Student: 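A single structure is presented below for examination.
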Amino acid sequence: MSADHVDFRGGNFYGPVTGLAQAPAPTALDSLPVKAAGFTGRDPELARLLDALDPDAPGDPKQAVLVTAVSGLGGIGKTALAVEAAHAARERGWFPGGVLFVDLHGYDDAPVTADQALQSLLRALGVEPEHIPVAADERAVLYRSVLAGRARERGPLLILADNALSPDQVRPLVPGSARHRVLVTSRDRLPQLGARLVPLDQLTPREAYDVLDLALRIADPGDSRVGDDPEAAERLAVLCGHLPLALQIAAALLVEDREMPVGELVGELAESRDRLSYLDDGERSVRAAFDLSYRRLPAAQARLLRLLALAPGPEVSEEVVAALVGADTPPSGELKALARAHLVERGSKRGWWRLHDLVRVFGAGVVAREEGDAARERVLGMYFRWASAADKRLRWLPGRPVPDRFADRKQALAWLDGERAGLVAAALWSREDRFADAAVGLAVCLAEYLDWRRYFDDLLTITSAAQEAAHRAGNRVEEGMAWDNLGLALQEMDRTEEAVDAHIRARDVFQEAGARDRESKAWNNLGLALRKAGRMEEAIDAHVRDRELCRAVGDHHGEALAWNNLGLALRRADRVEEAIDAHTRARDACQAVGDRRGEGMAWNNLGLALHAAGRVEEAVDAYGKDLDVCREFEDWYGAGRALHNLALAHRGARRLAEARTHYVQAADAFIRANAPAEADQARAWAAALSESPEPTDKPTPASPPARTADSAQPCPHPPDAPDTGAQ
């Protein structure tokens, strides 16, 4: 979507020449470049430009737009859009006085100065060279006077100043009359001009698809490769970052090789170690376009851009930016300067930043290895300290030392939620030996949080990487912790036999290392997996071993959880009275240690055992107490579970209206908990009650949710200490 420029240096214009009455010098008042071949999309932006250029636009005369500035990343299609708008305005008869085009070459090694541009524009307007004043101020006065005369004789003009570097290049070119219009393109926003600002972002997926398709059909109307494989075309657009320049280059590569399927180009781009070098058609290059901007940056901004390219996650908070550069406070000035230059973009919320995908590739390609490694170590250190503090807050119980950094559980969860994508990406740096120790520690810190928020795919990914890294490093305890947390993720993804194997590996590692407290957690989690696999006697044995180990090491909280999970296995083995006793002990023990969450789960599971024993009203009371705790902690999955169990109890008592209400409420809670499958099942039960006024206990439209029948307590492993060793 780039346009051919009418280029000049030192006052030379090339384009249509017409005579100016009573002026011996030639004029160049229709010097617009030809429209870009294959221009498509940009309808909203084009409409904004035409609204700004319209001399008869309604509105307050004080808000009349004299200068409009189109800004955006190199290769985003600024010139093509501006030329398209200028042609459209000319065709509508808005500028009978003519259109002047000047390329300011703002990012070349020798940009055109404002003085040079004035001289050339005056010549284009028919002023003889010997009549052009020597002083710059006098030239600007003459320029404005000639434009005013031209407006009286022929009407207003449009001046298109392309590729400006700074406001100083443009200010002298601004006419003195608001009848004229100036359209500027720049990689910088140029807010200092008092202009109507029209920033350009990457194309939409639909626009990118159209660019590819149209470019191929212009070269050959019968070329239907894009339409024949829209999925590959969509992937190609993603690899091109929906950047017009990259898309045009990719299209040129396809045009050059008529036999190449789009999918083949996608594969080559995806596998390329240097995507920017691949996006080069011999005349245009994405890397070259970015390099022009990069070479103009001051040293501090250039360093910041390089380091931002290494940031984990799709966008980054200012706290992480500060860690990247090794500063106590975020480099706000440099960030804003890079944003004005469209090299960074503001993120989804205030204080967050992101890079265009291809800019990230460019930045990573120019950063020195040692510089980059040091920055990543700083980020890992910062992440570990904060994630460890958040993890301690999530696990905190009354009577224990109050964790620092986070005032309460809600604040810790909010920080983890905001940084989740970056935290997960940084934890995967464990695949590199240099960062393995710190990244494994970070993965362990995140296990409780990811389980709580039910981000099981993330938990599986980072714990798998952590286990492999700990094994490579020969760190047996950390390997055992990773195996155990990996088993929890596998359980939630219904890969039960793999989960059993993972917990057995964890147990064996801890036994070999003599880590009895960690061994007890492995026994607990193994019991959960065995119960899920239907191996009840083995599960009971595992929880008994967990309970005894907790007693031996004086872990009263762990013993409470062991009683709770033992009760679940006993009930599944039809040992209901023993289960009631176990859950009662669990409830009392959780109350004794101040574990409200554990107490709520014990209430729920006691309700299940009471329900199985036919003591329905007592079960309803127990479920209600669990629901109160879940709402207190904003545990929406637990709330959905409690509401589901309340519905079952009311349905069994033939209180159908209450049952239906609780199913609907359960569905709402599951939606809030990121559990859509469970929500659908709860709605199906509610609908079944509506359709059949006398439902039986057996015929149902869907099975109850996998975890709504009981609430087990897994034991993700906390880290040993908040020290990563990172500098």
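Please read all numbers here as calculations on a predicted model, not as lab measurements.
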Student: Only one of Gln202, Arg275, His242 passes side chain to side chain donor-acceptor pair (under 3.5 Å) with Asp357; say which it is.
Tutor: Arg275
Student: So Phe290 and Leu73, side chain to side chain contact (heavy atoms under 4.5 Å, CB included) or not? Walk me through it.
Tutor: CA-CA 8 Å; Phe290 291 169; Leu73 180 66; 3.8 Å; yes
Student: Answer yes or no: does atom CG of Asp109 have more than 12 heavy-atom neighbours from other residues, nucleotides or ligands under 6.0 Å?
Tutor: no
Student: Should the heavy atoms of other residues, nucleotides or ligands under 6.0 Å from CZ of Arg295 be counted, would the total exceed 12?
Tutor: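 Enclosed: over 12 neighbouring heavy atoms sit under 6.0 Å from CZ of Arg295.
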Student: Got a second to check how far Arg139's CZ is from Leu142's CG, nearest 0.5 Å?
Tutor: 10.0 Å
Student: Quick check: are there more than 12 heavy atoms from other residues, nucleotides or ligands sitting under 6.0 Å from CD of Glu318?
Tutor: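 Yes - once you tally the heavy atoms of other residues, nucleotides and ligands closer than 6.0 Å, there are more than 12.
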Student: Should Ile159 and Pro175 count as side-chain neighbours, where that means a heavy-atom distance under 4.5 Å?
Tutor: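 Touching, per the 4.5 Å side-chain cut-off.
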Student: Roughly how far, to the nearest 0.5 Å, is the CG atom of Asp229 from the CD atom of Glu264?
Tutor: 12.0 Å
Student: In Å, rounded to the nearest 0.5 Å, how long is the span from CZ of Arg296 to CD of Gln301?
Tutor: 13.5 Å
Student: What do the steps show when you test Glu91 against Lys35 for salt bridge (charged side-chain N to carboxylate O under 4.0 Å, His left out), and what is the final call?
Tutor: CA-CA 13 Å; Glu91 291 164 4; Lys35 293 182 181 182; 3.5 Å; yes
Student: Looking only at atom types and distance, does a side-chain atom of Lys78 sit under 3.5 Å from a main-chain N or O of Pro199, one as donor and one as acceptor?
Tutor: no
Student: Taking the side chain as every heavy atom from C-beta outward, state whether Leu100 and Leu125 have any atom pair closer than 4.5 Å.
Tutor: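 Yes. Closest side-chain heavy atoms under 4.5 Å.
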Student: Does Thr185 use its side chain to pair, donor to acceptor, with the backbone of Asn163 at less than 3.5 Å?
Tutor: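 Yes, Thr185 side chain to Asn163 backbone: donor-acceptor pair under 3.5 Å.
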Student: List the atom of Leu279, the atom of Cys240, and the distance in Å for their closest heavy-atom pair.
Tutor: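 That closest heavy-atom pairing would be CD2-SG, 4.2 Å.
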Student: Say you draw a straight line from CZ of Arg196 to CG of Leu66; how long is it, rounded to the nearest 0.5 Å?
Tutor: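 These two atoms lie 12.0 Å from each other.
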Student: Taking atom CD of Glu432 as the centre, does the number of heavy atoms from other residues, nucleotides or ligands within less than 6.0 Å exceed 12?
Tutor: yes
Student: From Leu214 CG over to Glu207 CD, what is the distance, rounded to the nearest 0.5 angstrom?
Tutor: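 Going from the CG atom of Leu214 to the CD atom of Glu207 covers 12.5 Å.
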Student: Does any non-hydrogen side-chain atom of Asp223 lie less than 4.5 Å from one of Arg258?
Tutor: yes
Student: Considering all heavy atoms of both residues, which atom of Ala161 and which atom of Leu104 are nearest to each other, and what is their separation?
Tutor: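 What the structure gives for the nearest pair is CB-CD1, 4.1 Å.
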Student: Between Arg225 and Met260, is there a side-chain heavy-atom distance shorter than 4.5 Å?
Tutor: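 Answer yes - side chains close enough.
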Student: Using a 3.5 Å distance criterion without hydrogens, assess whether the side chain of Arg150 forms a donor-acceptor pair with backbone atoms of Gly97.
Tutor: yes
Student: So, does Gln169 use its side chain to make a donor-acceptor pair with the main chain of Val112 at under 3.5 Å?
Tutor: yes
Student: Going by heavy atoms in the side chains, are Ser224 and Arg217 under 4.5 Å from each other?
Tutor: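 With C-beta onward as the side chain, the pair touches.
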Student: Taking all heavy atoms of Ala37 and all of Gln248, pick out the closest pair and write down the distance.
Tutor: O-NE2, 4.1 Å
Student: Given Leu343, which of Leu304, Asp188, Leu338, Leu308 fulfils the side chain to side chain contact (heavy atoms under 4.5 Å, CB included) condition?
Tutor: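 Between Leu343 and the candidates, side chain to side chain contact (heavy atoms under 4.5 Å, CB included) is satisfied uniquely by Leu338.
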Student: Quick check: does any side chain N or O of Asp108 sit under 3.5 Å from a backbone N or O of Ala110, one acting as donor and the other as acceptor?
Tutor: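 The answer is no, because no donor-acceptor pair under 3.5 Å joins these two groups.
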Student: Is atom CG of Asp274 surrounded by more than 12 heavy atoms (other residues, nucleotides or ligands) closer than 6.0 Å?
Tutor: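 Atom CG in Asp274 is crowded, with more than 12 foreign heavy atoms closer than 6.0 Å.
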Student: If you round to the nearest 0.5 Å, how far is CG of Leu122 from OH of Tyr143?
Tutor: 8.0 Å
Student: Would you check, one step at a time, whether the test side chain to side chain contact (heavy atoms under 4.5 Å, CB included) holds for Val359 with Leu305?
Tutor: CA-CA 9 Å; Val359 175; Leu305 182 67; 4.0 Å; yes
Student: If you look at every heavy atom in Ala339 and Trp353, which pair is closest and at what distance?
Tutor: CB-CZ3, 3.7 Å
Student: On a heavy-atom basis, which atom in Tyr383 and which in Ala426 lie closest, and how many Å separate them?
Tutor: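 Nearest pair, atom of Tyr383 first, then Ala426: CD1-CB, 3.8 Å.
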Student: Please report the closest heavy-atom contact between Leu245 and Ala289, naming both atoms and the distance.
Tutor: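 Leu245 and Ala289 have their closest heavy atoms at CD2-CB, 3.8 Å.
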Student: Does the plane of the ring in Trp429 sit parallel, tilted or perpendicular to the ring in Phe435? Use 30° and 60° as the thresholds.
Tutor: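 Trp429 and Phe435: tilted rings.
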Student: So does Ala178 get a backbone contact from the side chain of Arg181, meaning a donor-acceptor N/O pair under 3.5 Å?
Tutor: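 Present.
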Student: Do any N or O atoms from the side chain of His180 and from the backbone of Phe95 form a donor-acceptor pair under 3.5 angstrom?
Tutor: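 Judged by distance alone, no pair lies under 3.5 Å.
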Student: If only atom types and distance count, is the side chain of Ser186 paired as donor or acceptor with the main-chain N or O of Ala164 below 3.5 Å?
Tutor: yes
Student: Is the backbone N or O of Ala341 less than 3.5 Å from a side-chain atom of Arg187, with the two atoms forming a donor-acceptor pair by type?
Tutor: no
Student: Tell me, with the steps shown, if Leu158 and Arg90 meet side chain to side chain contact (heavy atoms under 4.5 Å, CB included).
Tutor: CA-CA 9 Å; Leu158 171 65; Arg90 190 79 161 99; over 6 Å; no
Student: Between Glu256 and Asp281, is any pair of side-chain heavy atoms under 4.5 Å apart?
Tutor: no
Student: Measuring only between side-chain heavy atoms, which start at C-beta, is Phe362 closer than 4.5 Å to Val286?
Tutor: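 Side-chain contact under 4.5 Å: no.
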Student: Answer whether the closest heavy-atom distance between the side chains of Thr40 and Asp213 falls below 4.5 Å.
Tutor: no
Student: Run the salt bridge (charged side-chain N to carboxylate O under 4.0 Å, His left out) check on Glu377 and Arg434 step by step: do they pass?
Tutor: CA-CA 9 Å; Glu377 285 178 342; Arg434 176 165 182 160; 2.9 Å; yes
Student: Show the numbers, then the answer: is there a side chain to side chain contact (heavy atoms under 4.5 Å, CB included) between Leu423 and Trp386?
Tutor: CA-CA 10 Å; Leu423 288 164; Trp386 282 79; over 6 Å; no
Student: Mark yes or no for whether Tyr209, through its side chain, and Glu234, through its backbone, hold a donor-acceptor pair below 3.5 Å.
Tutor: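 No; zero donor-acceptor contacts below 3.5 Å.
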